[in-house]
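Throughout, a chain's letter reflects where its sequence line sits, starting with A, and its residues are numbered from 1. Predicted model only: the values in this text are computed from it and were never measured.
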2 protein chains.
Amino acid sequence: MTHSHNHTACVQVALTNAAQLCAERGVQLTPIRQQVLELIWANHHAVKAYDLLERIKPLQSAAKPATIYRALDFLMEQGFIHRVESLNAFIGCTDLRTVHEQLLLICKQCQDVEERQANAVMQSLADELKEAGFTAHHKAIEIHGICQNCQQ
Amino acid sequence: MTHSHNHTACVQVALTNAAQLCAERGVQLTPIRQQVLELIWANHHAVKAYDLLERIKPLQSAAKPATIYRALDFLMEQGFIHRVESLNAFIGCTDLRTVHEQLLLICKQCQDVEERQANAVMQSLADELKEAGFTAHHKAIEIHGICQNCQQ
DNA sequence: TAATGATATGTTATATTGTAACATATAGAA
DNA sequence: TTCTATATGTTACAATATAACATATCATTA
Ligand SMILES: [Zn+2]
Ligand SMILES: [Zn+2]
Ligand SMILES: [Zn+2]
Ligand SMILES: [Zn+2]
């Protein structure tokens with residue numbers, strides 16, 4: 001994603017959808033929440049909470065850790081962002097309109113994180129969980145390696 | 001696993017295999033490393049580093065965070081334990097003799113973590129990664145929910 | 001033997017990540 | 001207006017993890 005794409009469009013889609021969904025749901029996309037979402041969408045890297053804190057300070061001089069973590073909690077509840085567990089970091093969700101499980105491909109070289117639907121994987125996982133008698137509430141599927149662009 | 005099994009056997013297998021593998025590999029299972037491994041194997045819960053620190057202090061009064069993290073690094077390098085990314089915690093590996101990807105089923109109720117081979121899942125994941133052109137180095141697949149025993 | 005090098009541990013300090021708790025503000029509903 | 005829910009401000013701290021340098025131990029080898 002770092003490589004040649006119209007990222008302005010990515011950001012605009014994300015923000016427009018978030019605003020729309022908030023309106024539909026009767027929740028508030030406040031300035032702080034919107035700014036945090038925009039900062040996360042600065043690129044396709046996973047962003048750390050304290051990096052967000054530094055970056056939002058020019059806009060919100062009173063910002064403290066709780067400011068960021070509250071905004072992150074909200075954005076996660078609404079499904080606008082995902083937490084990358086193995087990085088303690090956050091990325092914008094690229095598929096706001098679908099209820100989905102996320103498979104995250106995390107490139108060690110360019111730091112980009114790609115979210116994929118991976119329906120076949122999710123289906124075999126569902127089969128496996130059924131066999132195990134396990135009721136899933138949340139799935140974290142995070143693959144670290146080298147992305148297609150970085151291999152060339 | 002909490003429910004009715006011979007856990008003494010689990011521990012013994014884990015420790016015996018670890019000792020054997022260290023001998024084969026020419027690395028040292030020092031007292032600290034062995035004690036940390038035993039503490040991790042106290043049960044099938046994921047254990048946090050600072051809990052290990054408290055628990056090892058009666059045995060190693062000089063223990064500090066670095067003591068634990070170094071032992072954990074060693075045990076992970078040797079494949080004797082896994083890090084549970086979504087819990088910042090560690091579990092003993094139940095399958096020391098096989099090179100494998102781990103699928104971790106994490107029960108919210110009893111805290112047990114079950115490691116499963118899940119060959120079908122891994123195969124569809126491999127297919128998906130191939131399609132994505134992504135070369136995987138490390139996989140963290142962690143499912144949170146309710147285990148079979150806790151549902152009854 | 002003595003010097004060397006590799007490994008493991010001791011020790012202090014600090015960096016990073018995340019929450020708790022309580023106060024204040026704001027705005028719509030009753 | 002008063003109440004209530006929601007959002008934010010603020011202080012303090014808890015929990016997780018690493019850096020950096022000192023010391024110890026032991027096998028190798030000059
Ligand atoms: Zn983009
Ligand atoms: Zn890349
Ligand atoms: Zn057991
Ligand atoms: Zn359970």
Can a side chain N or O of A/Tyr50 be found less than 4.0 Å away from OP1 or OP2 on C/dT17?
no
Which parts of residues 77-90 of chain B get close to DNA chain C, meaning a heavy atom less than 4.0 angstrom away?
none
Taking the side chain of A/Thr67 as heavy atoms from C-beta outward, which of D/dT10, C/dG18, D/dA19 is closest to it?
D/dT10
Between residues 17-38 of chain A and DNA chain C, which residues have a heavy-atom gap below 4.0 Å?
none
Side chain of B/Tyr69 - closest among C/dG18, D/dA17, C/dT12
D/dA17
Knowing that exactly one of B/Ile106, B/Val47, B/Ile81, B/Val113 qualifies, which makes a side-chain contact (heavy atoms from CB on, under 4.5 Å) with B/Ile91?
B/Val113
Report yes if a side-chain nitrogen or oxygen of B/Lys48 is closer than 4.0 Å to either non-bridging phosphate oxygen (OP1 or OP2) of D/dT16; otherwise report no.
yes
Side chains of B/Glu114 and B/Leu104 in contact at under 4.5 Å (non-hydrogen atoms):
no
Can A/Val13 be reached from A/Val36 by stepping across I, L, V, M, F, W or Y side chains whose heavy atoms are under 4.5 Å apart?
no
Is any side-chain heavy atom of B/Lys108 closer than 4.5 Å to one of B/Ile146?
yes
Picking from D/dT10, D/dA17, C/dT11, the nucleotide nearest the side-chain atoms of B/Pro65 would be D/dA17
Heavy-atom contacts, protein to nucleotides 22-30 of chain C, under 4.0 Å, summarised as B (base), S (sugar-phosphate only) or - (none) per nt, yield ---------
Would you call A/Lys130-A/Glu128 a salt bridge at under 4.0 Å N-O?
no
